[in-house]
2 protein chains.
Amino acid sequence: MLSLTEENYLKAIYHLSDDGSKSVLTNDLAAAMNTKAASVTDMIKKLSAKTVISYEKYYGVNVTSKGKNEALMVIRKHRLWETFLVEKLGFSWDEVHEVAEQLEHINSTRLIEKLDEFLGFPKVDPHGDPIPDNKGKLKIMPMVAIDQLNIGYQGKIAAVKDSDSQLLKYLDKIGAKPGTKLKILNKEAYDESMEVLINDHRIFISKEVSQNILVVE
Amino acid sequence: MLSLTEENYLKAIYHLSDDGSKSVLTNDLAAAMNTKAASVTDMIKKLSAKTVISYEKYYGVNVTSKGKNEALMVIRKHRLWETFLVEKLGFSWDEVHEVAEQLEHINSTRLIEKLDEFLGFPKVDPHGDPIPDNKGKLKIMPMVAIDQLNIGYQGKIAAVKDSDSQLLKYLDKIGAKPGTKLKILNKEAYDESMEVLINDHRIFISKEVSQNILVVE
DNA sequence: AAATATTTTTAGGCTGACCTAAAAATTATA
DNA sequence: TATAATTTTTAGGTCAGCCTAAAAATATTT
Ligand SMILES: [Mn+2]
Ligand SMILES: [Mn+2]
Ligand SMILES: [Mn+2]
Ligand SMILES: [Mn+2]
């Protein structure tokens with residue numbers, strides 16, 4: 001059993017490791033968790049003792065398969081709750097993250113199964129992020145941010161980065177949500193700003209924005 | 001701001017004080033919280049410093065009006081979540097308490113307002129307990145357990161005690177839920193068992209059970 | 001009103017999750 | 001390859017929430 005704090009650390013490690021594919025450095029984790037490196041070292045030892053990560057002194061940490069599964073269960077809960085807040089309670093997608101950060105730690109298998117069913121077994125959350133199934137299986141779609149793509153690209157928005165609430169408000173305003181049609185009309189070499197067609201509306205977006213709109217590769 | 005632990009202590013104090021009407025002794029609180037008296041004394045000092053209770057050494061604690069309000073907001077959340085679990089997720093009424101004990105600590109005014117609306121502003125929870133409004137106003141109905149009533153009494157079940165999950169399962173089986181018609185047919189003087197009509201079904205119940213079925217006085 | 005029993009508080013310690021400052025290991029640079 | 005810079009760990013301390021054992025206050029008996 002992990003404490004709330006341990007769950008948050010493990011989730012951060014999982015994300016920083018790109019879904020478990022690379023090792024995570026102490027300082028990066030400290031930055032992500034808004035703590036000091038010394039605190040991270042303390043926690044790393046505890047998580048290591050609980051066999052959810054493996055740890056080689058001075059060379060960073062890796063999630064074990066057990067840890068990966070536990071991280072995915074927390075992520076599952078987070079994304080199901082976000083979906084509930086938007087679909088059932090009428091939250092907008094920029095308001096859900098903070099609350100989901102709390103709800104993801106509620107401990108009840110029955111609750112999360114019932115919630116999943118109530119929501120109609122959604123595959124993605126409001127930001128387009130995939131929801132792991134109850135076995136911890138995650139359908140990973142390889143995605144690119146549209147700032148990496150060229151003029152003429154056409155496709156559908158698959159997801160948006162859900163980190164910043166102000167950004168989400170703006171994306172909402174310009175209609176950039178998962179499922180929406182998108183075409184790249186022009187790209188300015190100087191600042192990498194773009195002219196795009198979102199749902200047949202012509203709009204100019206900065207690189208800062210285009211980095212946060214994802215499509216399936 | 002109260003911590004999760006402080007919220008739980010305050011709620012227990014509120015309940016043990018009969019909704020704030022009498023003072024609560026250290027040992028009783030220790031028993032309710034499953035801790036030791038020394039730990040209770042520590043916590044009492046903290047809650048007192050936060051002005052949610054008043055405390056006279058050796059003579060127990062009383063909730064202040066601020067404390068009463070904060071306790072009622074936690075109770076409001078608890079009962080709204082229980083209602084959600086039963087009405088929307090299909091939990092049975094004997095399964096909800098544990099989960100609601102966790103959910104009641106989620107901190108988001110917006111969430112609880114939206115949830116209230118989503119549930120259609122319910123007045124009582126699945127066990128018949130009244131749900132405080134968003135101002136902390138509680139509609140107190142004076143209730144009696146039916147073991148206190150005489151042969152011939154007729155009325156409707158208003159609430160049941162929600163402490164024991166096994167009892168709730170049994171009450172469910174015999175159809176004793178809030179809103180159901182009830183009539184007392186007979187009472188055995190020796191062990192205070194009763195013969196009652198619940199929803200027109202004749203049934204015998206022990207005093208242990210009748211103590212937990214409440215009607216409006 | 002003393003003596004005894006009970007309740008409550010104080011004293012001192014532990015653990016989890018944090019911190020700062022100093023030491024150790026690694027990496028980069030001259 | 002020695003020196004400097006950076007990263008990470010260790011050492012030692014704080015605070016919340018718990019504990020046991022002892023002391024103090026209150027309540028009950030005789
Ligand atoms: Mn989120
Ligand atoms: Mn999301
Ligand atoms: Mn309950
Ligand atoms: Mn209830």
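By convention in this document, chain letters (A, B, ...) are assigned in the order of the sequence lines, proteins followed by strands, and residues within each chain are numbered from 1. Just so we're clear, the structure is a prediction, and the values are computed from it rather than from any experiment.
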Please say whether more than 12 non-hydrogen atoms of neighbouring residues, nucleotides or ligands are located less than 6.0 Å from NZ in A/K177.
no
Atom-to-atom span, NZ of A/K45 to P of C/dC18 - whole angstrom
15 Å
The test is salt bridge (charged side-chain N to carboxylate O under 4.0 Å, His left out); show your working for B/K161 and B/E208 and say whether it passes.
CA-CA 12 Å; B/K161 298 229 176 111; B/E208 221 181 312; over 6 Å; no
Let me know the distance between CG of A/L2 and P of C/dG16, rounded to the nearest Å.
13 Å
Could you point out which residue of A/I146, A/D147, A/L171 forms a side-chain contact (heavy atoms from CB on, under 4.5 Å) with A/V209?
A/L171
Heavy atoms, side chains only, cut-off 4.5 Å: are B/E82 and B/D162 in contact?
yes
Using only side-chain N and O atoms of A/N27, determine if any of them is under 4.0 Å from OP1 or OP2 of D/dT6.
no
Is it the case that over 12 heavy atoms from other parts of the model lie below 6.0 angstrom from the CE atom of B/M141?
no
Contact class for A/T41 (heavy atom, under 4.0 Å): base, sugar-phosphate, or nothing?
base
Given the rule in the salt bridge (charged side-chain N to carboxylate O under 4.0 Å, His left out) test, do A/R110 and A/E117 qualify, once you have shown the distances and angles that lead to the verdict?
CA-CA 11 Å; A/R110 185 160 171 72; A/E117 184 188 345; over 6 Å; no
Of A/V160, A/L167, A/L168, the residue whose pairing with A/N212 passes side-chain contact (heavy atoms from CB on, under 4.5 Å)
A/L167
Reading nucleotides 18-29 of chain D 5' to 3', which nucleotides get B (base under 4.0 Å from a protein heavy atom), which S (sugar-phosphate only), which -?
BBB---BSSS--
List in numerical order all residues of residues 47-55 of chain B for which some heavy atom is under 4.0 Å away from an atom belonging to DNA chain D.
none
So, B/Q102 versus A/N107: side-chain donor-acceptor pair below 3.5 Å or not?
no
Give a yes/no answer on whether the side chain of B/T26 brings an N or O atom under 4.0 Å of OP1 or OP2 in C/dT9.
yes
Please name the residue in the list B/R76, B/K137, B/K77, B/K139 that meets the side-chain contact (heavy atoms from CB on, under 4.5 Å) test with B/P132.
B/R76
Rounded to the nearest angstrom, tell me the gap between atom CD in B/E6 and atom C1' in D/dC15.
12 Å
Taking CG from A/L25 and P from C/dT27, how many angstroms apart are they, rounded to a whole number?
10 Å
Distance, rounded to the nearest Å, where A/D28 contributes CG and D/dT6 contributes P
16 Å
